[in-house]
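Data first, discussion second: the structure below is written as structure tokens.
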Protein chains: 2
Amino acid sequence: MASTKSRLPRNVTSTSLKDRIYQSVKWSLIIGEYFPGSVLSLRSLAKKMGTSTMPVREALTRLASERLLQSSVKRSYRVAELDPKRVADQFFVRARLEGIATELAVPNMTAREIDELEALSQMMEGDIESGNNENYIVRNYNFHFSIYAASQNEELFWSIERLWAQTGPYLAQVVRSQEMPKEWQLLHTQISRAIRGRSAGEAARLIEKDISWSISTFEAFTASEDKS
Amino acid sequence: MASTKSRLPRNVTSTSLKDRIYQSVKWSLIIGEYFPGSVLSLRSLAKKMGTSTMPVREALTRLASERLLQSSVKRSYRVAELDPKRVADQFFVRARLEGIATELAVPNMTAREIDELEALSQMMEGDIESGNNENYIVRNYNFHFSIYAASQNEELFWSIERLWAQTGPYLAQVVRSQEMPKEWQLLHTQISRAIRGRSAGEAARLIEKDISWSISTFEAFTASEDKS
DNA sequence: CGTCAACGACTGTGATCACAGTTAGAATAA
DNA sequence: TTATTCTAACTGTGATCACAGTCGTTGACG
């Protein structure tokens, strides 16, 4: 888990304990390591981290303020329960913001960056083929955020990342629990191809398509859950 | 002071101290009560609030995590110094998000809400006329956010509010230090009129125009500051 | 057997302390 | 006067404590 942290842009000197705990928990949320409704208590987390509760509570108040965790007074912190309206709202904003970021990014990306993108998309196709959902989740994150980083708009980048962490627990749960749809297989390759061709509008359209597929997959999943 | 609070019904005091301090500081940022570079130290703020440093530090870590304040290890919290690129990025995202929120809001707004909007815009015209910049800042906030609330997308609403708090210290500084441009006078009335006519696209376009005016006013201001 | 009150083990919150790193200003030297 | 050093007052960080509210379980009672 610690090795993946280097993917996230940050100030080089964020060595405080509270920051490391914050990053650690946030990453766990993004890759869906916690389930909706999971309880995160100060003392148990502190024990697990080998610290006092102090840095943990600062980390958790941060996460709660970014709406990644829910908290009410004197009740334990927990991963937000599934609220279809809320998740739909989040995906809606994600689609718009990620489309905008992609449009900005396309003219900025270097040939080397696009090569890496294409390599990633190849591996993601393989992950879908072999059903390696775990790898897919991480590579999908890296794929998207190497694009958004190229938008060179930090504010945009952070807004999107916050939303990913919010939708992470739900989406990852879906991706883990079932075979990934075959339609997903080509999409990311098409995206990197559109970027290579410098067609910003096309790339943005495909990114938004990617997200709308996520939505419908998610909705189909929750619908089937309700019946069981 | 503390003794009177404890006697109030519990639903009034149900919000924690840290939350109230958080809200208080955030509002101060939105209306530009703090200047770029202002230092907010735990102990001095705690003294001002009449509490220990504990709730203050949780409030400030929240604000820092939302990028409303800057913090580096063992250095005091401070309002971000002016970084033209960063502010431009923030305004860019604001324009897009607020345009989207407006488009969503227009079909949702009730006649009563639109009446209130129009009343606000009338008063804002008066504020510009009489040079009452202080009132204008607050009414402008209320005007915009009553629209964004009607988008009925909470995630969108919070994203925008966060950006307002980020740009607040810069923009408010400009608005306070000079006469407001006459062009601003009619804009908000036009916006409420477009909303009454249920033309979402037009309303969104005007909102984005409002923000782009903010940008250019801000840029003109910083340019003139550099020369002096 | 089923209901409900009460207990006990939890929860976050706020206060206070020790500590180490930062910083600004006074004292010293050139 | 100007530059530099050094100290003293400040900063956030982390640990620990007391406290009050929450919640699940147990045990008594109907």
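Chain naming here is simple, since letters A, B, ... match the order of the sequence lines and numbering starts at 1 in each. Being a predicted model, the structure only gives us computed values, none of them experimental.
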> So does A:R57 reach the base of D:dG14 with its side chain, donor to acceptor, closer than 3.5 Å?
Replying inline: no
> By a strict heavy-atom criterion of less than 4.0 Å, which residues belonging to residues 62-72 of chain A are in contact with DNA chain D?
Replying inline: none
>> Taking the nucleotide of DNA chain D with the nearest heavy atom to each, does A:T53 or A:E58 sit closer to the 5' end?
In response: A:E58
> Starting at CD1 of B:I21 and ending at P of C:dT13, how long is that distance when rounded to a whole Å?
Replying inline: 13 Å
> Going through the checks in order, is the ring pair (Phe, Tyr, Trp, His ring centres under 6.0 Å) test met by B:Y148 and B:F145?
Replying inline: CA-CA 5 Å; B:Y148 308 148; B:F145 280 89; 5.4 Å; yes
>> Could you tell me how far apart B:M49 (CE) and C:dG14 (P) are, to the nearest whole angstrom?
In response: 13 Å
>> So, OP1 or OP2 of D:dG14: does either fall under 4.0 Å of a side-chain N or O from A:K18?
In response: no
>> Please encode protein proximity along nucleotides 6-11 of chain D as a string of B, S and -, counting only heavy-atom distances under 4.0 Å.
In response: -----B
>> Taking salt bridge (Lys or Arg N to Asp or Glu O under 4.0 Å) as the definition, give me every residue that meets it alongside A:E154, ordered by chain and number, with sequence neighbours left out.
In response: B:R67
> Under 4.0 Å between a Lys/Arg side-chain N and an Asp/Glu carboxylate O for B:R176 and B:E134?
Replying inline: yes
> CH2 of A:W184: more than 12 outside heavy atoms within 6.0 angstrom?
Replying inline: yes
> Is it true that B:R94 and A:E155 make a salt bridge, defined as a side-chain N closer than 4.0 Å to a carboxylate O?
Replying inline: no
> Strictly by modelled atom types, are B:R162 and A:S159 linked by a side-chain donor-acceptor pair under 3.5 Å?
Replying inline: yes
